[in-house]
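Single-structure report; data block below.
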Amino acid sequence: MHYNLLFRITLLLALSSPALSQTLHKLSPNNPLTIESGQTIVIFYFDIEVPRASLSIRETTDNGKSLRGIIYQQLEEEIGNLENGFYWFSTEPGTFEIDRIEAPYFNLPNAVTIKDRPNMLFRAYDGVINYGGHFFIRADRSVRQVNVSLQNRYASSYRFLSELIPDGHRQIPIVSSLGLRDDFFIPRELDTELGDDK
Amino acid sequence: MSAFLQSLVVIYCVLCVASASASSSPNSISSNADLYFADASVETIGLSPNGQFVALVRKTDHGTTLVIEDLDNNTVSAQSLNAIWQSEIAGISDLYWIDNEHVILGAVHKSQGIPNIIETQYRANYFVFDRLTHGSDTPNIKTIRTDAMLVSPMQNIPRTILMSTSQGATQLYHIDVDLLDDYDARPSKFRRPDGEQFTSPNRISDFEGITLRWIRGKNNEVSGALRVSMKGELVVTLLNDNLSESREIILATKEQLSDEEQLKTIIYPMSQSSVSSEFFGFKAGEERKAVYLTNIENHESRELFRLENGFIRQIIVDAELNFMGVQTDTDGQIQTLYIQENGQVSRDTNTYVTRHVLAINSERALIYQDSHDTPPHFRIEANNNEIIRSWELLPNLPLSPSILTVGSINVDDLNINYFLTTPDSRENFPLIVMPHGGPIGVADSPAFDPTVAFLNAQGMAVLRVNFRGSAGYGTAFTEAGRHQAHSGMLKDIRLVTEHVIEQDRRINSDRVCTLGASYGGYAALMLHLTHTELFRCAVSIAGVTDLNLIGQDPNLSSSSNNFVNEWIANPRENYEELYLNSPISNVTPNIRPNIFLAHGDEDDVVDIEHFYRMKWVIENSGHSVDTLILDETGHTVIDASTRIKLYDTISGFLDQLN
C-alpha cells in the first residue's frame, strides 16, 4: 500500500513538471525583451483592476484534453499587484488555456471558472514572439460579477511591442497567437505547425 | 411625462453622439461645431397643473440648477442642485409638479471613491422643492431616503405622491410631502426615515413579482400594473379607485411566453378603455401595425384600426377613455388620424415636424418640437397656438434652412426609403452619404439631427438611407437584413446614392463622401473602398473594420454575441466571406484611400483594435490616413468638448469637398 502511495506521489510529481516558467518579466524601455537560444516567448498585456487577482494556466492538447495530465501552474506573482503593461514569460511550445481566475474583490464571488471559452486559449509557437492577448479583469459590483476577457489587440499593441524589443531580436516576427481564428496577422506558414484547428 | 422627457433628451444626445469625441478646448475650433454639439441647455421640464409655472433643470459648466419660472409675472428663481448634494449630478430621472406649489425631482448623484479602497457610488434620491421658498436663503427642501420609485402625484389628495418599493414584491405607498424629512436633517437612529411613511399604515397595495409598467386610466391616474408574477406569468393587476384592492388577470402563462408563435399573438395593453377590464393595445408580433381592443377577462379582442405603411406611434383616447385615433409614422412622416366609430378616417396635415404634447391644461400646453431645420426646443403654447415662451436646447444655433426630400426606390423587391437634406441656397454642392448604425432594428428619421444640420450649414447635402434591416418597415423588412450587413445593405445605400445623384442635378457627383459611426463607419469605409469612383472619401467613427473580430469579440455579452452572430456576422459559418468583405481586406496599393478614422480609446462595443487594424493596413499599403483617438471615450461620445473637437476635425477633413 505504501508503495502504491509512493508510486502515486511520484507520478503526480512527474505529471506536474513545469511547462511554464513561473517568472513574469515586465517589458519596459529599461527592461527590454531578452531571448535566450531555444526559448519560446509569450507576451501578455495585463490590465487588472482587482488587486489580489491571480490566474492559472494549463497546457492542453488541441482537442481540449490535458496533454500531460493536469498541470496547474499558478503564476508566481498575483497579477493583480502588477502594474498595467506588457509582461513576458518563456515556455515550451504548445497550446495553453487560462482555466481559472481568482479575483477576490469586496463581496463578489472571487473565482471565475473559464469553461468552453475558446477565447481563453493561446498558443506558443517556436521561433517567434507570441502575442497572447490583452487580459482584463474588471470587478463590477453593480451586477455582482467579475468580468474577465482576453482581447485580441495585436494591431493596437504592435507599435509598443516593437519599441520594447531590442534591435537584436527585430528579425523575430511577433505573431498573434490567441486561440480564436485570426487570419489577419498569423503568417500562413505557422498554420501547419500545430494543426489547423484554430 | 418626465420619463418621456428623459427619453427625448437621451435620443437627442444619441444623435449628437452618433456622430462622437477628444479632449480639447472648444476655443481652438475653426468650424461652428461648438454650436451644434454642445450639451442640451435644458435637461428636463415640467408645467404646473394650473399652467402658470414651469420647472426646468439646466446643466451648465457651473453645475446643475433647478429653475422655476412664473409665466404670468415673468419672475425666475433658481437653486443649485450641486450645492444640495455636494456631489456630481450623474443624471435626472424624474421631474413632476405635485401641485402648484411643489416639485419633485429624482436625481442620481455620484460619490467619487478611492481606487481599491472605497468604491465610487451612485445614489438615487428624490427631493421635493417648495416653490414659495425656491431660490431663497432658506429653501424648504424635503428628501426621500427610502429606495423607492415615484409612480405619480395623487391628483385627488393634495401634497401627496404615490411611490413604490420593490423588494421581492411591489408595494404602493401614499406619501405626504409635508411629513418628509428636511434634506439637511441628520438621519435619526430612533426613527425611520421619510417621516416613517414607508410602513404598513401608508401601504395601499402589495403584489408579488416584477412590475413592468403602470397602467393609467382617467386623468392619467394609476389604475393597474402590467407585471411578471413569481410563476413567470404575464399578469395584469387592476386596482380599484382608492388603490386599496386589486384583482389579477393572467394575460399569458409561462408556457405561452416561451413559445415563439404564441408570444406573437399576445396583445399588450397600452391604454385603458372606459371599461375597466378592456384595453387598447398592440399585438406583439406586428410591430405596431394595428390597434386592438381587448377584454383581458374573456380574452376577446377586435381590431380597431390597421395601418398599411409605417407604424403607430401612439394611441389617442379622449378624457372618457374612448378611442379617438392614432398618431402614425410613415417613412418619417408623422400624421394624426381621427377614426370614427363607422371606420371613417379624418387626417390632419402631413408633417415632418416632430411634436409632442408633454402637458396640457385648459389654457396652455407644454410641447417639445423640432424638424429637420428647426432645432429642438420646448415651448408653451396658448389655446390659440400663440407661443408664450420657448427654450432652445441649443440656444446659440444659427438659423440654417435646408430642404428635405423624402423618397424611395425598389431594390431586390424591397422599398428602400431615404431622406435627402440639401442646403437651401446653393447649387453644385457636395453630398455626404450617412449610413446609420445598428444596423438591425435602427432607423433614421427626418427629425432634427445635429450632424445633418452641421453639414448642411457648411453647404453640403446629406443622404440617409433606411436600408434593409432598418426598423419601422415591418418584420419582413427587418428580416431581409439578416446577414446582409456586408452585402444587401451596402447595395441599398449605393443604389439610392446613384438614384439621388441622377434625380437632383444640383449635387456634384464628383464630390460624394461617406460618413458614419459604428456599423455606419463600416458601411462608409466599404462603400468608399469598393466604389471609389462614386464615394471619394470616407469618415468612420468607431467603425467596424474587421467583421470576424466583432463576430467573436470576447467583450460582448453572450446575448450581444448571439445577436451579432444571428443577424450580422458569424465567423464560425462564413469566416472567409466576412474576411473578404471587411474594410481591412479591401485596401490595395493601387488605389489611394481617402479616409478619416476616429475611435474612442475606451470603446467596449467596437474595440479600438478595429481602428488600429485599419490604420495598419492603410499605412502598410504605402498610403496615409487621417486619424483621431478620442481620449476617455466609449462607443458613444458623451463629453461635449470631445464631440465638438471630433466634428471640428471632421469638418477640416471634409473641406476638401468645398
Side-chain angles (χ1 to χ4, degrees), chain A residues 45 47-53 80-81 84 98 103-108 114-122 131 133-145 147-162 174 176 178-186 196 198, chain B residues 90 108 110 113-124 545-558 561 570-580 582-587 597 599 601-604 606-620 627 629:
Chain A
Y45 188 97
D47 181 357
I48 313 298
E49 195 180 72
V50 180
R52 292 173 51 217
N81 292 330
N84 288 357
I98 298 171
Y105 191 75
F106 292 93
N107 61 340
L108 299 180
I114 311 301
K115 234 181 166 183
D116 303 326
R117 287 174 69 164
N119 53 311
M120 284 293 166
L121 287 172
F122 63 94
Y131 168 72
H134 197 115
F135 187 75
F136 299 89
I137 300 182
R138 298 263 187 275
D140 188 348
R141 290 185 83 182
S142 63
V143 290
R144 284 185 55 78
Q145 68 181 26
N147 297 320
V148 298
S149 169
L150 184 60
Q151 191 97 16
N152 185 345
R153 283 194 167 168
Y154 180 59
S156 318
S157 307
Y158 190 84
R159 182 167 59 84
F160 301 104
L161 281 177
S162 300
I174 306 169
S176 172
L178 280 87
L180 290 170
R181 180 175 179 180
D182 186 8
D183 285 4
F184 189 56
F185 290 110
I186 295 178
D196 57 358
K198 289 175 294 186
Chain B
V108 179
K110 178 181 175 184
I114 302 168
N116 301 323
I117 298 174
I118 301 171
E119 277 196 307
T120 296
Q121 291 193 334
Y122 293 87
R123 280 187 62 81
T545 68
D546 184 342
L547 289 171
N548 286 310
L549 196 64
I550 193 89
Q552 53 192 17
D553 190 329
N555 258 355
L556 293 181
S557 66
S558 59
N561 198 265
N570 190 341
R572 287 187 300 277
E573 290 182 0
N574 53 351
Y575 189 99
E576 283 78 13
E577 187 184 352
L578 297 172
Y579 184 74
L580 292 173
S582 291
I584 53 168
S585 306
N586 284 278
V587 178
L597 297 174
H599 215 112
D601 62 350
E602 295 176 1
D603 192 334
D604 57 0
V606 178
D607 193 79
I608 197 164
E609 174 74 3
H610 288 266
F611 167 93
Y612 281 110
R613 287 191 173 202
M614 195 65 198
K615 183 172 183 285
W616 171 306
V617 168
I618 294 171
E619 291 177 346
N620 278 277
T627 59
I629 300 277

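Below, chains carry the letters A, B, ... as their sequence lines are ordered, and counting in each starts from 1.
Ring pair B/Trp616/A/Tyr154 is tilted by interplanar angle, where 30° to 60° counts as tilted.
The shortest non-hydrogen separation linking A/Ser156 to B/Glu609 is OG-OE1, 2.6 Å. A/Arg181 approaches B/Glu576 most closely through the heavy-atom pair NH2-OE2, 2.7 Å.
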Start with the C-alpha gap between A/Arg153 and B/Asp607, add the side-chain angles, then the distance that decides, and say whether side-chain contact (heavy atoms from CB on, under 4.5 Å) holds. CA-CA 8 Å; A/Arg153 283 194 167 168; B/Asp607 193 79; 2.6 Å; yes
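By the ring pair (Phe, Tyr, Trp, His ring centres under 6.0 Å) test, B/Tyr575 pairs with no residue at all, sequence neighbours left out. For B/Asp601, the side chain to side chain contact (heavy atoms under 4.5 Å, CB included) partners two or more places apart in sequence, or in a different chain, are B/Ile608, B/Ile629, B/Asp631.
Separating the CG atom in A/Asp183 from the CD1 atom in B/Ile584 is a distance of 9.5 Å, to the nearest 0.5 Å. Atom CG of residue A/Asn152 and atom CD of residue B/Gln552 lie 8.5 Å apart, to the nearest 0.5 angstrom.
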